[in-house]
Amino acid sequence: MKDIPFYDVIIIGAGASGQVCALQCARRGKKVLLLEKEKQPGRKILVSGNGRCNLTNAYVTAQDYQGGSRLVQAVLQKFPFTKCLDFFHELGVLTVQEEQGRIFPLTGKSTAVAEALRLACQEAGVCLKTECRAERIQKKKFFNVTLQNGEVFSARYVVLACGSRAYPQAGGTEDGYALARCLGHHITQITPALCALNVKEKAVARLQGIRAQVRVRVWPGTPQEMTNEGEILFTGYGLSGPAVLNVSGVIGRALRRGPVPLTVDLLPNISQKEAFLQERMARFGKRNAKEFFAGILHENIANLLIDFAGIRKNLPVAQWTENTRRTVARTLGAWPFTVLSLRPWTEAMAAAGGVNCAEINYNTLESLCCPGLYVLGELLDVDGRSGGFNLHFAWGCGFTAALAMPEE
């Protein structure tokens with residue numbers, strides 16, 4: 001019988017967390033096999049940040065994530081922003097900081113990050129096998145990993161870094177969940193995250209393609225209220241843009257219980273909307289509603305607001321009743337929408353849900369269900385907001401697991 005090739009570590013998935021883990025394990029003297037089902041490693045790295053790779057964020061904190069709070073805190077403690085930056089600079093990647101703390105490679109291309117990781121792994125002695133899909137893992141004295149083509153490899157430790165179901169056109173699958181489940185893990189329901197929203201209000205289609213700086217509130221006026229400020233993009237089906245993507249993971253979890261209420265503050269920098277309207281009416285009282293909103297709202301937004309509030313279009317604003325003024329102020333500050341569903345997985349850049357973090361040693365990322373197994377990155381029930389947070393968590397997971405893996 002042919003001997004089964006043996007490694008210290010087999011890592012399944014050559015994405016962000018998998019490559020960092022492979023590199024750090026190899027640098028610590030371990031014999032590493034890195035398996036990737038696609039033709040090339042790091043396909044999600046290549047498409048991240050619209051092809052520019054927003055690789056981390058200068059202001060990353062545990063509050064930027066949903067799920068697994070203790071695990072996230074532990075990972076960020078071991079791999080803070082400064083260590084992340086040093087890590088990539090050591091790989092030869094020059095970086096630049098842009099607005100809101102977002103860090104990109106100086107070249108402006110994600111290939112700078114993906115190629116630096118690939119070359120570093122190669123130089124450290126990592127054995128990378130592409131177009132190799134892991135089909136089964138068995139745990140005896142050691143782990144046996146069987147590929148779809150029938151090949152079998154053995155190792156002391158196995159790392160699941162398979163990514164999530166999100167963005168299947170860049171390799172997202174449910175493979176990792178199935179492998180984790182077979183080794184004793186429970187999977188919390190997975191839903192799209194960093195994803196646009198389908199809303200009930202069909203009139204929003206009149207605003208298709210329009211962008212605005214807003215404040216989004218989910219469950220407004222309740223103890224569960226969550227807010228996010230930034231750009232919104234109105235679409236034919238509903239709402240998109242960073243301010244919406246950043247609350248989509250929370251909304252996805254909540255949609256399991258039914259539609260989710262959401263409001264949009266069209267003038268987030270003006271706290272006293274009624275006082276603002278009164279002052280503006282004193283100056284522009286002879287204008288009709290459309291003229292009155294010129295300079296503060298996009299024309300199409302103004303037209304839809306006028307219809308929504310039931311304002312007579314040719315009436316001078318000085319003749320608005322107190323009730324009309326209050327309705328306009330309330331709509332400007334809390335335009336109501338009802339979220340019915342998320343957009344499909346093909347449009348989701350991340351996933352909410354995954355391997356239950358309660359089943360993972362948060363200091364080492366080793367499985368509590370199957371000793372010697374490590375679970376990383378997007379496969380875990382953790383999702384971050386947009387702006388480099390999900391990639392930072394993935395790098396940090398790879399670094400944490402490699403550091404924690406026992407020396408032989």
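Aromatic pair His185/Tyr177: ring centres not closer than 6.0 Å. Taking the six-membered ring where the residue is Trp, the centroids of Phe81 and Tyr59 are separated by 6.0 Å or more.
When all heavy atoms are compared, the tightest approach of Thr61 to Leu76 is C-CD1, 3.4 Å.
When the shell of 6.0 Å around CZ of Arg206 is examined, it contains more than 12 heavy atoms from other residues, nucleotides or ligands. For Gln272, the CD atom is loosely surrounded, since the number of other residues' heavy atoms within 6.0 Å does not exceed 12. Atom NE2 of His186 sits in a sparse spot, with 12 or fewer heavy atoms from other residues, nucleotides or ligands closer than 6.0 Å.
Among residue pairs with one or both ends in residues 106-127, those qualifying as side chain to side chain donor-acceptor pair (under 3.5 Å) are Glu115-Arg118, Arg118-Gln122; sequence neighbours excluded. Sorted by first then second residue, the side chain to side chain donor-acceptor pair (under 3.5 Å) pairs that include residues 235-248, not counting sequence neighbours, are Asn228-Asn246, Asn246-Ser386.
In terms of modelled atom types and a separation under 3.5 Å, the side chain of Arg330 and the main chain of Arg325 share no donor-acceptor contact. The main-chain N or O of Pro268 is found under 3.5 Å from a side-chain atom of Arg215 such that the two form a donor-acceptor pair. A donor-acceptor contact shorter than 3.5 Å is absent between the side chain of Glu38 and the backbone of Gln40. A donor-acceptor distance shorter than 3.5 angstrom exists from the side chain of Lys44 to the backbone of Ala166, with no hydrogens or angles considered. At distances below 3.5 Å, not a single donor-acceptor pair connects side-chain atoms of Gln189 with backbone N or O atoms of Gly353. Remark: side-chain polar atoms of Asn57 are paired, donor with acceptor, to backbone N or O of Gln100 under 3.5 angstrom. Between the side chain of Glu201 and the backbone N or O of Thr338 there is at least one donor-acceptor pair closer than 3.5 Å.
Within the 4.5 Å cutoff, the side chain of Arg217 has no heavy atoms near those of the Met226 side chain. Looking at Asn54 and Leu391, their side chains never come closer than 4.5 Å, going by heavy atoms from C-beta outward. Two residues are said to be in side-chain contact when any heavy atoms from C-beta on lie closer than 4.5 Å; Leu262 and Ile251 meet this criterion. Side chains of Val145 and Ile12 form a contact here, defined as non-hydrogen atoms less than 4.5 Å apart.
The aromatic rings of Phe292 and Trp320 stand perpendicular to each other, their planes meeting at an angle above 60°, with 30° marking the opposite boundary. Ring pair Tyr157/Tyr374 is perpendicular by interplanar angle, where above 60° counts as perpendicular and below 30° as parallel. Classified by interplanar angle (parallel below 30°, tilted 30° to 60°, perpendicular above 60°), the ring pair Tyr65/Phe393 is tilted. Classified by interplanar angle (parallel below 30°, tilted 30° to 60°, perpendicular above 60°), the ring pair Phe79/Phe399 is tilted. Between Phe308 and Trp335, the ring planes lie tilted relative to each other; the angle falls in the 30° to 60° range.
Considering only residues two or more places apart in sequence or on other chains, Glu151 meets the side chain to side chain donor-acceptor pair (under 3.5 Å) condition with Asn149. Shown here are the side chain to side chain donor-acceptor pair (under 3.5 Å) partners of Arg326, two or more places apart in sequence or in another chain: Glu322. Scanning for side chain to side chain contact (heavy atoms under 4.5 Å, CB included) contacts around Glu299 gives Lys290, Asn303, with sequence neighbours left out. Looking at residues two or more places apart in sequence or on another chain, you find a side chain to side chain donor-acceptor pair (under 3.5 Å) between Arg253 and Asp381, Asp383.
If you take CG on Leu34 and OH on Tyr7, they are separated by 11.0 Å, rounding to the nearest 0.5 Å. Between Phe6 atom CZ and Leu33 atom CG the span is 12.0 Å, to the nearest 0.5 Å. Note that CG of Leu91 and CG of Leu23 are 6.5 Å apart. Values are rounded to the nearest 0.5 Å. A distance of 8.5 Å separates CZ of Arg70 from CG of Asn363, quoted to the nearest 0.5 Å.
Cation-pi geometry between Lys139 and Phe143 is met: under 6.0 angstrom from the ring centre, within 45 degrees of the axis.
Ion pairing between Glu407 and Arg28 holds under the 4.0 Å rule for side-chain N and carboxylate O. Ion pair Arg133/Asp175 flagged as a salt bridge, since at least one NZ, NE, NH1 or NH2 atom sits closer than 4.0 Å to an Asp/Glu carboxylate oxygen. Checked for salt-bridge contact, Glu90 and Arg27 meet the test: a charged N lies under 4.0 Å from a carboxylate O. Remark: Asp8 does not engage Lys30 in a salt bridge, criterion side-chain N to carboxylate O under 4.0 Å. A salt bridge is absent between Glu131 and Lys37: the closest approach of a Lys/Arg side-chain nitrogen to an acidic carboxylate oxygen does not fall below 4.0 angstrom. Salt-bridge annotation for Glu347 and Arg343: present, with a side-chain N of the basic residue lying under 4.0 Å from a carboxylate O of the acidic one.
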